[in-house]
Amino acid sequence: MPIVVQKYGGSSLADAASIKRVARRITETKRAGSDVCVVVSAMGDTTDELLDLAQEVSPLPPPRELDMLMTAGERISMALVAMAISDLGFSARSFTGSQAGVITSAEHGKAKIIDVTPGRITSALDDGHIVIVAGFQGVSQDTKEITTLGRGGSDTTAVALAAALKAEVCEIYSDVDGVFTADPRIAPRASKLDRLSAEEMLELAAGGSKILHLRCVEYARRYNIPIHVRSTFTDKIGTIVVDPAEGETVEAPIIAGVAHDPGDAKVTVVGVPDRSGMAAAIFEAVARAGLNIDMIVQNVSAVETGLTDISFTLPKGDGKTALKALEEIRPTVGFHSLQFDDQIGKLSLVGAGMRTNTGVSATFFKALADAGVNVEMISTSEIRISVVTREERLAEAVRAVHSAFGLDSDSGEAVVYAGTGR
Ligand code: ASP
Ligand code: MG
């Protein structure tokens with residue numbers, strides 16, 4: 001029998017009625033003749049609430065215990081979904097990530113999946129059960145401790161299981177009808193994409209699109225698993241994310257969409273001596289602190305002083321660590337001072353058609369200029385242009401660029417069915 005992996009997000013499982021709705025969907029797929037393995041997130045805002053609770057109990061909870069706490073959220077969902085399924089006359093078995101064979105690295109809170117040994121899942125499926133797996137968690141190969149994969153990690157669990165089970169497709173169910181040309185929450189005229197390449201989805205996810213977890217898209221791309229993004233709340237067809245097969249020509253639109261990310265901050269190292277090795281010293285210090293940076297800009301140095309400024313962006317939450325690491329190398333590098341700005345936002349325009357179409361940058365920067373949005377940093381890849389602007393102008397900038405590329409839809413299809421957007 002073909003195997004289908006389905007993943008349901010927290011807003012699709014917010015209360016008892018939602019859980020019953022999800023159970024009906026799952027049993028319909030089973031009835032239609034597939035073996036079904038389901039991955040669930042924690043109900044509604046449970047993960048955030050558990051984190052808040054931990055903060056109240058202890059300002060700096062031990063990472064091991066935090067993972068024990070967080071994995072409880074998904075365990076609640078998996079058991080309730082299994083119960084709702086049995087109530088519909090089907091047999092279901094729930095499994096924790098560890099029972100499901102999700103083997104990870106040891107870092108609590110951001111473990112990586114290194115292997116999946118789905119023996120218990122395949123035998124449960126062979127015995128005719130519907131399988132429900134708790135998302136976002138696994139067990140460390142080295143320490144044997146329970147780990148979590150980082151926020152939004154259930155998507156990655158789903159794709160990893162789909163790869164291990166050789167499933168036909170990995171369906172990701174959420175509270176919107178698919179992948180949109182922009183976040184419908186800020187661009188109400190966004191239109192739904194029927195299909196886009198995994199390469200484009202990767203750039204959108206890296207640019208801040210929340211619809212799919214970045215690592216899940218990387219995983220799906222590596223193992224060539226088609227992802228089908230759909231809404232739990234409707235029967236609409238959704239979006240297929242898959243790279244075109246060798247030799248297949250898809251006449252894709254030039255632009256896939258616009259992503260935005262208000263979550264970054266900008267660090268500027270002011271007055272850096274313009275000599276070889278200075279940038280290396282700065283970024284080595286940041287890397288030693290274990291931080292991932294995104295965009296980098298170095299100014300032209302002033303002729304009189306021979307000094308330059310180097311700016312880079314990184315997630316807001318990493319700001320303190322970065323400043324501390326840089327302060328430590330100030331005596332050796334001899335820079336003047338550090339500036340920190342967390343009021344920035346990033347906007348990315350993504351489309352595989354950029355490779356072969358001219359004028360995309362011109363239209364893009366004209367749209368931002370017409371909207372009076374100032375650009376502070378720019379970075380590009382073959383299929384993406386990203387800029388940093390003021391955070392308060394970000395939503396407006398997204399709408400301006402979206403319109404300029406003719407992506408606006410008049411059909412009002414961008415409905416957000418649930419979720420608190422927390
Ligand atoms: N419940 C976890 C979170 O909120 C994992 C997930 O939903 O994917 O981040
Ligand atoms: Mg999610």
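Quick caveat, the model's predicted, so the values are computed rather than measured. Atoms within a ligand are numbered from 1 in the order they appear, just like the ligands themselves. The analysis underlying the following values was restricted to heavy atoms, covering all of them including side chains, and did not include hydrogens, waters or symmetry mates.
Heavy-atom separations between G135 and ligand 1 are all 4.0 Å or longer. Within the 4.0 Å heavy-atom shell around ligand 1 one does not find H213.
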When you look at T321 and D318, which way does the side-chain hydrogen bond (donor to acceptor under 3.5 Å, both in side chains) test go after all the steps?
CA-CA 6 Å; T321 318; D318 291 341; 5.3 Å; no

Does the pair T104 and Q141 meet the rule for a side-chain hydrogen bond (donor to acceptor under 3.5 Å, both in side chains), with working shown?
CA-CA 6 Å; T104 73; Q141 193 165 46; over 6 Å; no

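Considering backbone and side-chain N/O atoms, D155 never comes within less than 3.5 Å of an N/O atom of ligand 1. Considering both main-chain and side-chain atoms, G150 never comes within under 3.5 Å of ligand 1 through any nitrogen or oxygen pair.
Less than 4.0 angstrom separates some heavy atom of S41 from each of these atoms of ligand 1: 6 (C), 7 (O), 8 (O). Residue G152 approaches ligand 1 through these ligand atoms, each under 4.0 Å from one of its heavy atoms: 3 (C), 5 (C), 6 (C), 8 (O), 9 (O). Atoms of ligand 1 lying under 4.0 Å from at least one heavy atom of S154, given by number and element, are 5 (C), 6 (C), 7 (O), 8 (O).
Using a 4.0 Å cut-off between a side-chain N of Lys or Arg and a carboxylate O of Asp or Glu, D341 and R390 qualify as a salt bridge. Looking at R355 and E199, a side-chain N of the basic residue comes within less than 4.0 Å of a carboxylate O on the acidic one, giving a salt bridge. Between D261 and K316 there is no salt bridge, since no side-chain nitrogen of the basic residue lies less than 4.0 Å from a carboxylate oxygen of the acidic one.
Counting only non-hydrogen atoms, the option in K7, M43, R151, M70 that gets closest to atom 3 (C) of ligand 1 is R151.
With ring centers used as reference points, F283 lies under 6.0 Å from F312.
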